[in-house]
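Take a look at the structure below.
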Amino acid sequence: MTINTPDPSTAIDWDNLGFKWLDTNGYVKYIHKDGKWDNGEFVRDAYIKMHVCAPALNYGQECFEGIKAFRCKDGNVRIFRPDANAKRMQYSADLACMAPVPEDLFVEACERAVANNLEFVPPYGSGGALYLRPLLLGTGAEIGLYPAPEFTFIVMVIPVGNFYKSGVKPVDCLVVDSFDRAAPLGTGAAKLGGNYAPVLKHSSAAKEQGFAITLHLDSKTHSNIDEFSTSNFVALTYPSPEHGNKPVFCAPESPSILNSVTKQSLVQLAKSFGWYVENKIVPFSDVENNRFEEIAACGTAAVITPVKSIQRQGVTTPIGTPETRDAIGAGFLRLFTAMRGIQNGDLEDPYGWMQPAQGIAPRHEA
């Protein structure tokens with residue numbers, strides 16, 4: 001069934017959207033106080049108000065998620081796997097001693113935020129999406145090193161453009177050996193803001209040298225792959241008799257890796273292709289010894305960012321063959337096409353990933 005959905009706003013140049021802030025109708029906000037969450041409200045603003053003693057400001061007691069909603073081929077607007085992000089936020093909240101957001105409330109908030117900003121969902125076929133940023137903040141007054149007495153859960157939205165407007169382009173990567181992103185028994189598996197700010201110095205320096213992304217190894221031995229600064233590491237090996245001459249989709253295992261929803265989805269797709277999925281500790285020597293035919297970063301923003309070379313301590317290792325270094329490889333292209341096909345409604349969604357966004361709340365609710 002097609003639901004009557006408002007058309008995309010004519011005030012936006014949909015062909016030239018980037019990944020940056022653009023004012024929308026507002027955001028959804030819920031407050032947790034005295035042991036329970038309120039019914040939430042739609043806020044027509046781009047600002048929040050909190051106490052100066054809020055642990056979110058003083059001690060970094062906060063976590064976040066990243067989700068996308070798409071205007072699909074049938075005219076409906078759908079959100080990609082908000083239930084999976086809800087579960088991951090609960091893990092992050094527990095680690096930071098915050099009130100967990102129930103899964104049904106999380107999904108409701110996402111649907112409510114989208115339903116009140118439908119005209120900001122990019123047109124079908126544009127390659128764009130409505131980006132959702134759920135935020136959980138410790139906002140109650142507490143200057144001591146204790147959990148906040150009050151928490152605020154927010155879902156804001158931003159229309160974003162096609163990450164690969166001119167086609168998927170492989171990038172160069174730099175290994176960061178001078179900084180440990182996350183300790184083995186630390187917070188690397190949670191989506192806490194404090195995990196990201198310290199990386200900015202190193203990723204910015206790498207960009208000045210011409211490297212689009214940085215790669216981090218395990219903090220204990222600096223010999224095993226953890227993840228890229230912004231996304232998970234995934235790779236494809238050459239088919240071998242050991243695995244029935246099937247392609248092998250490799251996703252490193254580590255207690256310091258964020259459990260990417262995009263990676264989970266790619267794993268499911270790879271299995272549906274009949275590929276062998278390998279989830280284990282991956283030594284960096286596998287890169288140096290050219291074990292991988294294709295390497296990529298995977299995450300919400302781009303789905304897949306192919307990597308054409310990885311440099312460590314001045315030594316550059318090319319990935320794949322010369323033919324695959326100027327464009328996405330055949331394996332990741334198949335995964336990328338399948339993922340975007342499901343998200344855009346061009347392909348069947350056998351996994352129930354795409355959840356309708358309409359009908360949860362009146363548009364522009366008071």
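Here the structure is a predicted model, which means the values were calculated and not measured.
Taking NZ of K87 as the reference point, atom CG of D83 lies at 5.0 Å (rounded to 0.5 Å). Atom-to-atom distance recorded for H216:NE2 and T214:OG1 is 3.5 Å, nearest 0.5 angstrom. Put simply, OG1 on T139 and CD1 on I31 are 5.5 Å apart, with the number rounded to the nearest 0.5 Å. We find the CZ-CG distance between R325 and D172 to be 11.0 Å, quoted to the nearest 0.5 Å. Atom OG1 of residue T316 and atom CG of residue L174 lie 9.0 Å apart, to the nearest 0.5 angstrom. We find the OG-CG distance between S272 and L335 to be 8.5 Å, quoted to the nearest 0.5 Å.
Between F153 and F106, the ring center distance clears the sub-6.0 Å criterion. For W353 and F80, the ring centers are positioned less than 6.0 Å apart.
Heavy atoms only, all atoms of each residue included: I154 and Y27 are closest at CG2-CD1, 3.7 Å. Summarising the geometry of P252 relative to K263, their closest heavy-atom pair is O-NZ, 4.3 Å, with the distance given to 0.1 Å. For the pair A96 and L192, the tightest heavy-atom approach, listed with the atom from each and the gap, is CB-CD2, 4.1 Å. In plain terms, the two heavy atoms of C298 and S260 that are nearest each other are O-OG, 4.1 Å. Closest heavy-atom contact between A212 and K207: O-NZ, 3.3 Å. Shortest non-hydrogen contact noted between A189 and Y91 is O-CE2, 3.5 Å.
Defined by atom type and a distance below 3.5 Å, a donor-acceptor pair is missing between the side-chain atoms of S256 and R181. For the residue pair Y124/N76, the side-chain donor-acceptor check at 3.5 Å is not satisfied. In summary, the side chains of N25 and E119 do present a donor paired with an acceptor at a separation below 3.5 Å, with no hydrogens or angles considered. No side-chain donor-acceptor contact under 3.5 Å links Q61 and Y146. A side-chain donor-acceptor contact under 3.5 Å links H222 and D180. Side-chain contact, K271 with Y276: no donor N or O sits under 3.5 Å from an acceptor N or O.
Here salt bridge (charged side-chain N to carboxylate O under 4.0 Å, His left out) pairs that include residues 20-30, with residues two or more places apart or in two chains, are K29-E41.
Proximity of a side-chain donor or acceptor of D94 to a complementary backbone N or O of P100 within less than 3.5 Å is not detected. The backbone N or O of G331 sits less than 3.5 Å from a side-chain atom of E294, completing a donor-acceptor pair. The backbone N or O of G144 sits less than 3.5 Å from a side-chain atom of E142, completing a donor-acceptor pair. Panel note: side chain N344, backbone D346; no donor-acceptor pair is recorded below 3.5 Å. A donor-acceptor distance shorter than 3.5 angstrom exists from the side chain of E62 to the backbone of G193, with no hydrogens or angles considered. Looking at D218, its side chain does come within 3.5 Å of a backbone N or O of N224 through a donor-acceptor pair. Counting only distance, with no hydrogens or angles, the side chain of D349 and the backbone of M354 share a donor-acceptor pair below 3.5 Å. Looking only at distances, a side-chain donor or acceptor of S126 sits under 3.5 Å from a matching main-chain atom of P123. Remark: side-chain polar atoms of R71 are paired, donor with acceptor, to backbone N or O of L118 under 3.5 angstrom.
Of the charged side-chain nitrogens involved, at least one lies within less than 4.0 Å of a carboxylate oxygen, so that R312 and D177 count as a salt-bridged pair. Look at D74 and R78 and you find a salt bridge, because one of the NZ, NE, NH1 or NH2 atoms lies within 4.0 Å of a carboxylate O, short of that distance. Salt bridge R88/E65: present, at least one basic N to carboxylate O contact under 4.0 Å.
Stacking of R112 on the aromatic ring of F42 is not recorded, the 6.0 Å distance cut-off and the 45° axial limit not both being met.
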Under the side-chain contact (heavy atoms from CB on, under 4.5 Å) criterion, do M98 and H32 qualify, and how do the steps go? CA-CA 10 Å; M98 293 189 283; H32 183 277; over 6 Å; no

Begin with the C-alpha distance, continue with both residues' side-chain angles, and end with the deciding distance and a verdict on side-chain contact (heavy atoms from CB on, under 4.5 Å) for F249 and E278. CA-CA 6 Å; F249 181 87; E278 183 178 85; over 6 Å; no

Could you go through N232 and T262, starting from their C-alpha distance and side-chain angles, then the distance that decides it, and tell me whether this counts as side-chain contact (heavy atoms from CB on, under 4.5 Å)? CA-CA 9 Å; N232 276 188; T262 303; over 6 Å; no

Pair E208-K201, salt bridge (charged side-chain N to carboxylate O under 4.0 Å, His left out): steps then yes or no: CA-CA 11 Å; E208 290 178 1; K201 173 182 176 181; over 6 Å; no

side-chain contact (heavy atoms from CB on, under 4.5 Å) for K68 and I79? Distances and angles first, verdict last. CA-CA 6 Å; K68 280 185 176 179; I79 309 171; over 6 Å; no

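With L269 as the partner, the side chain to side chain contact (heavy atoms under 4.5 Å, CB included) test is satisfied by one option alone out of Y351, W275, F336: Y351.
Contact check for C63 versus M89: side-chain heavy atoms found under the 4.5 Å cut-off. Residues M50 and L57 have side chains in contact (heavy-atom distance under 4.5 Å, counting atoms from C-beta outward). Looking at heavy atoms from C-beta onward, R340 lies in side-chain contact with V303 at the 4.5 angstrom threshold. Counting heavy atoms from C-beta outward, L17 and P159 have side chains that approach closer than 4.5 Å. Counting heavy atoms from C-beta outward, C110 and I67 have side chains that approach closer than 4.5 Å. Here the side chains of L136 and V101 are in contact, with some heavy-atom distance below 4.5 Å. Between W21 and M156 the shortest side-chain heavy-atom distance falls below 4.5 Å. With a 4.5 Å cut-off on side-chain heavy atoms, P306 and F332 do not count as touching.
With a 4.5 Å cut-off between side-chain heavy atoms of Ile, Leu, Val, Met, Phe, Trp and Tyr, the cluster of I319 takes in V171, V175, I213, L215, L217, I225, F228, F233, V282, F284, V287, F292, I295, V307, I310.
Heavy-atom contacts from other residues, nucleotides or ligands closer than 6.0 Å to CG of L185 number 12 or fewer. Applying the 6.0 Å contact sphere to CG of L22 captures more than 12 heavy atoms from other residues, nucleotides or ligands. Around atom CG of N245, more than 12 heavy atoms belonging to other residues, nucleotides or ligands sit under 6.0 Å away.
Linking Ile, Leu, Val, Met, Phe, Trp and Tyr residues whenever their side-chain heavy atoms come within less than 4.5 Å places V168 and L236 in a single cluster. Hydrophobic clustering (ILVMFWY, side-chain heavy atoms < 4.5 Å, transitive): W37 and L137 are in distinct clusters. Hydrophobic clustering (ILVMFWY, side-chain heavy atoms < 4.5 Å, transitive): V199 and F64 are in distinct clusters. Placement of L105 and L132 within a single hydrophobic cluster is found when ILVMFWY residues are connected by side-chain heavy-atom separations under 4.5 Å, directly or transitively. At a threshold of 4.5 Å between side-chain heavy atoms, the hydrophobic network of Ile, Leu, Val, Met, Phe, Trp and Tyr places I342 and L266 in one connected group.
Relative ring orientation between F179 and H202 is described as parallel, the plane-to-plane angle staying below 30° on a 0-90° scale split at 30° and 60°.
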